[in-house]
**Q** 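Okay, handing you the structure first.
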Amino acid sequence: MKILITGATSGIGRQLALDYHTEGHEVWALGRNAEALEELSAKGLRTGQVDLTDRAACLDWFSTLESIDLAILNAGTCEYVDLPVFDSSLIQRVMRANVETVAISIEAVLPLLRKSSNAHLAVVGSSAAFVPLPRAEAYGASKAAIAYMVDTLRIDLKNEDIVVSLICPGFVKTPLTDLNDFPMPFRITTDEASMAIRKGLKKKKAQIHFPKKFTILLKILSFLPGPLWTILAKRMVKQ
Ligand SMILES: NC(=O)c1ccc[n+]([C@@H]2O[C@H](COP(=O)([O-])OP(=O)(O)OC[C@H]3O[C@@H](n4cnc5c(N)ncnc54)[C@H](OP(=O)(O)O)[C@@H]3O)[C@@H](O)[C@H]2O)c1
């Protein structure tokens, strides 16, 4: 398969790129970090240095490819809101890095997927979007937007042979979560995350969520009446 992975210079995306390469697939690994891209290139992966917030540059770069069978749109970031300051520029940054990059990547990769007889589009959201979590006004909202975008696209692509998957990880140990200053229950390694994602994609699942102990608990909590969940979630907020 020809596989394209965004955010492949670090964390979950890097592990996926290496694992798919080891499995013998042709992997296009995308990111901005030149040194990390060189490392991947030395291991035999194909690489592309693209800032996914730059629509023109992104469309330009993708147009140089012929076709893609599996696109995993994984690039993203996380920043938390710290009241009493509600910094709208933080919200803008996170929406740009998470939602706009996914929209731009979808626009760029769809024509390439349409040239495949076995097309699969996968986007990395987050289990954080299952319930409103403290300090996640920006991150959670961006991942909820991604979930809506992906689930809607699946409906609108019904007349085309393109499988659409939403990937919702719990906590995974990466440079992103190494910055977190709060307990991260059931945090798993990038190896485990890559295995869960590849297994789910092989089965062409509409939603891939893991680790199950954490994500199923969140899904159950999401059925609680709003006011009850709010009381519980308020207890998580540091005084
Ligand atoms: N780790 C977790 O616990 C967790 C949980 C749920 C969801 N997720 C999601 O999983 C994805 C990967 O997270 P991670 O933990 O592996 O993070 P990470 O190690 O920080 O990797 C993020 C990747 O995104 C790329 N990226 C960010 N902005 C970009 C841009 N404008 N253009 C191109 N590339 C860009 C980075 O590339 P450069 O460094 O080269 O710029 C890097 O390769 C994210 O979407 C994240 O929200 C992670």
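Order of appearance sets the numbers: ligands from 1, and atoms from 1 within every ligand. Everything quoted here is computed from the prediction, not taken from an experiment.
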**Q** Using a 3.5 Å distance criterion without hydrogens, assess whether the side chain of T9 forms a donor-acceptor pair with backbone atoms of G31.
**A** no
**Q** Could you check whether K43 pairs with E38 (Lys NZ or Arg NE/NH1/NH2 to Asp/Glu carboxylate O, under 4.0 Å)?
**A** no
**Q** I'd like to check the side-chain hydrogen bond (donor to acceptor under 3.5 Å, both in side chains) partners of T177; sequence neighbours left out, ordered by chain and number.
**A** R187
**Q** Assign the ring pair F182 / Y80 to parallel, tilted or perpendicular, where the plane angle (0 to 90°) is split at 30° and 60°.
**A** perpendicular
**Q** Could K213 and F186 be counted as a cation-pi pair, given that NZ or CZ must be under 6.0 Å from the ring centre and within 45° of the axis?
**A** no
**Q** Less than 4.0 Å between a side-chain N and a carboxylate O, is that true for D69 and K115?
**A** no
**Q** For ligand 1, list the protein residues that place a heavy atom within a distance below 4.0 Å of one of its atoms, sorted by chain and number.
**A** G7, A8, T9, S10, G11, I12, G31, R32, N33, V50, D51, L52, T53, N74, A75, G76, V124, G125, S126, Y139, K143, P169, G170, F171, V172, T174, P175, L176, T177
